[in-house]
There are 2 protein chains.
Amino acid sequence: MQKQQYLTKNQQIVLDLVEKSSEPLKAYSILFNVQKKGLKAPLQVYRALDKLVEIGKIHKIESRNAFVACKNSSCQVSKATAFSICESCEKVTEINNSKLSKYLTNFEDNSGMKYNKYNLEFFGLCKKCKNK
Amino acid sequence: MQKQQYLTKNQQIVLDLVEKSSEPLKAYSILFNVQKKGLKAPLQVYRALDKLVEIGKIHKIESRNAFVACKNSSCQVSKATAFSICESCEKVTEINNSKLSKYLTNFEDNSGMKYNKYNLEFFGLCKKCKNK
DNA sequence: TGTTATTTGTTATATTATTACAAACTGTTA
DNA sequence: TAACAGTTTGTAATAATATAACAAATAACA
């Protein structure tokens, strides 16, 4: 069996919406927005989201239960993600820093556990909100 | 007004339970377990959890919607947390690594944003599960 | 074409979390 | 002590997030 090459219709509809958005989208907000396109039930959206996360097209912002499109073209699989989150305006940006990803990908602690995935979320105030 | 010194009864009940647990606890599992002690409604548990997280006595594992007691005595405030999570047995361990925390606390990207908090979750297989 | 696996649709329900508001308690001041 | 302000608590209702179960449709392919 081969790895899926093309997105299904539902996956494409959800991906298009998330990619167009300038901010993280919540599952039920996605649902609301794709109802005119025929996705009527939560599960249809969740299934598409699950797949898109799995193949790295989108990421889940865990602390916000929201989804963003991956901005990193080389990010085929979602296994090393870092985000900055403004606690005031909730702006979320994917951090693309090779030093950071290298450091974390190679990180080993004394537990003998080898990590194959990580997710990092930084919180603070973005430039705009800091100057308010 | 002074900062709260002592925990309220509900906070103490919830903290005791989370501290005794060897694994992350979910809010409704906590609720179930403290009902005999008089906490009957979700909100009572969530309020206690919120406060305990705020003062750093417990941490939320965002990817699991579950709570663990802080194992790091110096961790008065929950602003720099790192965990390892076994994707097979779901064992969660707080990572206490000064190099890592130093690196992340001082991390700056090119967005001009200064971070005051982060949460990092590593995923992999723990020793036990790797050898199965 | 027939067979199998995957995807989809649908309903129902489980799980996680918050709103709203009244009552009780705590500490401070008159 | 009484009046008050602020905080914590209790309670009910409901909102928001996510999954289970199963049947129908579609795709993959021998």
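All values derive from a computational prediction rather than experimental measurement. When reading the values below, keep in mind they use all heavy atoms of this one structure, side chains included, and skip hydrogens, waters and symmetry mates.
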Qualifying residues under salt bridge (Lys or Arg N to Asp or Glu O under 4.0 Å), relative to A/E108, sequence neighbours excluded: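 Partners of A/E108 by the salt bridge (Lys or Arg N to Asp or Glu O under 4.0 Å) criterion come out as none, since no residue qualifies.
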Partners meeting salt bridge (Lys or Arg N to Asp or Glu O under 4.0 Å) with B/R64 (sequence neighbours left out):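 With neighbours one apart ignored, the set is B/E90.
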List the atom pairs, donor and acceptor, that lie under 3.5 Å between side-chain atoms in residues 117-127 of chain B and the rest of the protein, sequence neighbours left out.
{"unit_1": "B/K117", "atom_1": "NZ", "unit_2": "A/E87", "atom_2": "OE2", "d": "3.2"}
{"unit_1": "B/N119", "atom_1": "OD1", "unit_2": "B/T81", "atom_2": "OG1", "d": "2.8"}
{"unit_1": "B/N119", "atom_1": "ND2", "unit_2": "B/E121", "atom_2": "OE2", "d": "3.1"}
{"unit_1": "B/E121", "atom_1": "OE1", "unit_2": "B/S63", "atom_2": "N", "d": "3.3"}
{"unit_1": "B/E121", "atom_1": "OE1", "unit_2": "B/S63", "atom_2": "OG", "d": "2.7"}
{"unit_1": "B/E121", "atom_1": "OE2", "unit_2": "B/E62", "atom_2": "N", "d": "2.9"}

Set of residues satisfying side chain to side chain contact (heavy atoms under 4.5 Å, CB included) with respect to A/D109, sequence neighbours excluded: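 Scan of A/D109 (side chain to side chain contact (heavy atoms under 4.5 Å, CB included), adjacent residues dropped) gives A/F107, A/S111, A/Y115, B/I95.
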Protein-nucleotide distance ([X], atom [atom1]; [N], atom [atom2]), rounded to Å:
X: B/R64; N: C/dT16; atom1: CZ; atom2: C1'; result: 16 Å
X: B/L7; N: D/dT9; atom1: CG; atom2: C1'; result: 16 Å
X: A/L52; N: C/dT7; atom1: CG; atom2: P; result: 12 Å
X: B/L49; N: C/dA17; atom1: CG; atom2: C1'; result: 11 Å
X: A/K60; N: C/dT16; atom1: NZ; atom2: P; result: 11 Å
X: A/D50; N: C/dT8; atom1: CG; atom2: C1'; result: 14 Å
X: A/Q11; N: C/dT6; atom1: CD; atom2: P; result: 14 Å
X: A/Y46; N: C/dG9; atom1: OH; atom2: C1'; result: 17 Å

Residue pairs, two or more places apart or on separate chains, that pass ring-ring contact (aromatic ring centres under 6.0 Å, His included) and touch residues 78-105 of chain A: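 Qualifying pairs, neighbours excluded: A/H59-A/F83, A/Y103-B/Y103.
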B/F32: hydrophobic cluster co-members (side-chain, 4.5 Å):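 B/F32 clusters with nothing; isolated.
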Short side-chain to backbone donor-acceptor contact, B/S101 and B/S98, under 3.5 Å: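 The answer is yes, because a donor-acceptor pair under 3.5 Å joins these two groups.
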Main-chain N/O of A/G112 paired to B/K130 side chain as donor or acceptor, under 3.5 Å: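 Yes; at least one donor-acceptor contact below 3.5 Å.
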Candidate nucleotides C/dT16, D/dA18, D/dT9, ranked by approach to the side chain of B/N65 - the nearest: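 Of the candidates, C/dT16 comes closest.
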A/T8 side chain near C/dT6 phosphate (N/O to OP1/OP2, under 4.0 Å):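 Answer no for this pair, as no side-chain N or O of A/T8 is under 4.0 Å from OP1 or OP2.
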Contact list (N/O, under 3.5 angstrom) for nucleotides 10-13 of chain D vs protein:
{"unit_1": "D/dG10", "atom_1": "OP2", "unit_2": "B/N10", "atom_2": "ND2", "d": "2.8"}
{"unit_1": "D/dG10", "atom_1": "OP2", "unit_2": "B/Q44", "atom_2": "NE2", "d": "2.3"}
{"unit_1": "D/dG10", "atom_1": "O5'", "unit_2": "B/Q44", "atom_2": "NE2", "d": "3.2"}
{"unit_1": "D/dG10", "atom_1": "N7", "unit_2": "B/R47", "atom_2": "NH2", "d": "2.4"}
{"unit_1": "D/dG10", "atom_1": "O6", "unit_2": "B/R47", "atom_2": "NH1", "d": "3.2"}
{"unit_1": "D/dG10", "atom_1": "O6", "unit_2": "B/R47", "atom_2": "NH2", "d": "3.3"}
{"unit_1": "D/dT11", "atom_1": "OP2", "unit_2": "B/K40", "atom_2": "NZ", "d": "3.1"}

Interface with DNA chain D, restricted to residues 85-93 of chain B and to heavy atoms under 4.0 Å: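 Heavy-atom cutoff 4.0 Å gives no residues at all.
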Interface residues of residues 12-36 of chain A with DNA chain D (non-hydrogen, below 4.0 angstrom):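 Within this stretch, A/K26, A/Y28 sit under 4.0 Å of the strand.
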Contacts of type side-chain hydrogen bond (donor to acceptor under 3.5 Å, both in side chains), residue A/Q12, not counting sequence neighbours: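 Applying side-chain hydrogen bond (donor to acceptor under 3.5 Å, both in side chains) to A/Q12 gives A/D16.
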Within residues 25-44 of chain B or reaching into it, pairs that qualify as side chain to side chain donor-acceptor pair (under 3.5 Å) - sequence neighbours excluded: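 Side chain to side chain donor-acceptor pair (under 3.5 Å) check on residues 25-44 of chain B returns no pairs.
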Test applied, side chain to side chain contact (heavy atoms under 4.5 Å, CB included); reference residue, A/V45; option that passes from A/L17, A/I13, A/I30: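 Among the candidates, only A/I30 passes.
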